[in-house]
Amino acid sequence: MPTIQRIAPCLWYDSQAEAAAAFYTSIFANSRIVRTLRYGEAGHEIHGQPAGSVLTVVFELDGQRFTALNGGPLFTFNEAVSLEVRCADQGEVDYFWDRLTDGGEESACGWLKDRFGLSWQVTPAVLDDLINDPEDERSERVMDALLKMKKLDIAALERAHRGD
């Protein structure tokens, strides 16, 4: 029997759920559109969407299930919620950063907003070790370097950690 994913994010879009799901699944490996549900005659007027338009798109990013909902303009994304992409190396940081900022905007400390306004954090896995070093001076240097970056630079963070 397959394992059930107990918690799955639902992302509220005005009317771009289908475009967002297609965009995200084009970036992440092991990703797919699972199903698309369209508004029928009942219910479409609640969210101001036309009958026959996309209501939800269920999709998976690297095996993680999400639902994108076309709910109208009532709610929008903000930085209070973000999706974190943990990267093995600088090549992955660069890959995800470049693709997710395409049509979006860079922020600080590895954060960005994609073209749909959803916030992401693109972080190298090694950051945990660098910033949680038991030697406070090292972790302070890493934090100081990180605060000056938009896209995170692993080599620069490692130099800060060493005190170079």
| said: Please give me the minimum heavy-atom distance between Ala68 and Ala17, naming the atom from each residue. | reply: CB-CB, 3.6 Å
| field | Short side-chain to backbone donor-acceptor contact, Arg115 and Gly103, under 3.5 Å | value | no
| Where the side chain of Gln90 meets the backbone of Ile154, is there a donor-acceptor pair that is under 3.5 Å apart? | yes
| message | Minimum heavy-atom separation for Cys109 and Leu152, please, with both atom names. | response | C-CD2, 3.7 Å
| message | Which residues pass the ring pair (Phe, Tyr, Trp, His ring centres under 6.0 Å) test with Trp120, not counting sequence neighbours? | response | Tyr24, Phe28
| message | Working to the nearest 0.5 angstrom, can you tell me the gap between Lys151 NZ and Leu112 CG? | response | 11.0 Å
| message | Minimum heavy-atom separation for Cys87 and Phe96, please, with both atom names. | response | SG-CD1, 3.9 Å
| request: Could you point out which residue of Phe66, Phe75, Phe77 forms a ring-ring contact (aromatic ring centres under 6.0 Å, His included) with Trp12? | output: Phe75
| said: Looking at every non-hydrogen atom in both residues, tell me the closest pair between Ile27 and Tyr95 and how far apart they are. | reply: O-OH, 2.6 Å
| request: Using modelled atom types only, decide if a donor and an acceptor are shared between the side chain of Gln121 and the backbone of Thr123 within a distance under 3.5 Å. | output: no
| task | Please examine the side chains of Glu158 and Leu130, heavy atoms only from C-beta on, and report whether any two atoms are closer than 4.5 Å. | result | yes
| said: Between Met149 and Leu157, is the side chain to side chain contact (heavy atoms under 4.5 Å, CB included) condition met? List the steps. | reply: CA-CA 10 Å; Met149 296 178 185; Leu157 293 169; 3.7 Å; yes
| task | For the pair Arg32 and Glu60, find out whether any cationic side-chain nitrogen is under 4.0 Å from an anionic carboxylate oxygen. | result | yes
| Leu83 side chain near Ser119 side chain, heavy-atom distance below 4.5 Å | no
| said: Could you see if Val122 belongs to whatever hydrophobic cluster contains Leu147? Use Ile, Leu, Val, Met, Phe, Trp, Tyr and a side-chain cutoff under 4.5 Å. | reply: yes
| message | So, taking the atom named CG in Leu118 and the one named OG1 in Thr76, what distance separates them when rounded to the nearest 0.5 Å? | response | 11.5 Å
| Side chains of Leu146 and Lys148 in contact at under 4.5 Å (non-hydrogen atoms) | no
| request: Kindly work out whether a path of hydrophobic side-chain contacts (I/L/V/M/F/W/Y, heavy atoms less than 4.5 Å apart) joins Ile131 to Trp111. | output: no
| message | So Asp133 and Val142, do their side chains get closer than 4.5 Å, heavy atoms only? | response | no
| request: Measure the OG-CG distance between Ser15 and Leu69 for me, rounded to the nearest 0.5 Å. | output: 11.5 Å
| query | Would a distance-only check, ignoring hydrogens and angles, find a side-chain to backbone donor-acceptor pair under 3.5 Å from Gln5 to Arg65? | reply | yes
| task | Check whether any side-chain N or O of Tyr39 sits under 3.5 Å from a backbone N or O of Thr56 as a donor-acceptor pair, and report yes or no. | result | no
| query | Just by modelled atom types, is the Asp62 backbone N or O under 3.5 Å from a matching donor or acceptor in the Ser31 side chain? | reply | yes
| Do side-chain atoms of Glu18 reach the backbone of Gln16 as a donor and acceptor pair under 3.5 angstrom? | no
| said: Using a 3.5 Å distance criterion without hydrogens, assess whether the side chain of Asn70 forms a donor-acceptor pair with backbone atoms of Val54. | reply: yes
| request: Please work out whether the ring planes of Phe116 and Tyr13 are parallel, tilted or perpendicular, with thresholds of 30° and 60°. | output: perpendicular
| Got a second to check how far Arg99's CZ is from Phe23's CZ, nearest 0.5 Å? | 9.5 Å
| Considering only heavy atoms from C-beta outward, does the side chain of Ile33 approach that of Val57 to under 4.5 Å? | yes
| Do Arg35 and Val58 come within less than 4.5 Å of each other through their side chains, counting heavy atoms only? | yes
| said: I'd like to know if the side chain of Arg141 reaches the main chain of Ala160, judged simply by a donor and an acceptor atom lying under 3.5 Å from each other, with no hydrogens or angles considered. | reply: yes
| query | Should Leu74 and Leu11 be counted in the same cluster of Ile, Leu, Val, Met, Phe, Trp and Tyr side chains packed under 4.5 Å apart? | reply | no
| task | Give, for atom CG of Asp94 and atom CG of Asp153, the distance between the pair rounded to the nearest 0.5 Å. | result | 8.5 Å
| query | For Glu140, does the CD atom sit with more than 12 other heavy atoms under 6.0 Å from it, leaving out its own atoms? | reply | no
| Donor-acceptor pair, side chain of Glu92 and main chain of Ala88, under 3.5 angstrom | yes
| query | Below 4.5 Å, heavy atoms only, C-beta onward: do Arg86 and Asp128 meet side chain to side chain? | reply | yes
| request: Decide yes or no on side chain to side chain donor-acceptor pair (under 3.5 Å) for Trp97 and Glu106, but give the supporting numbers first. | output: CA-CA 9 Å; Trp97 186 268; Glu106 297 180 349; 3.1 Å; yes
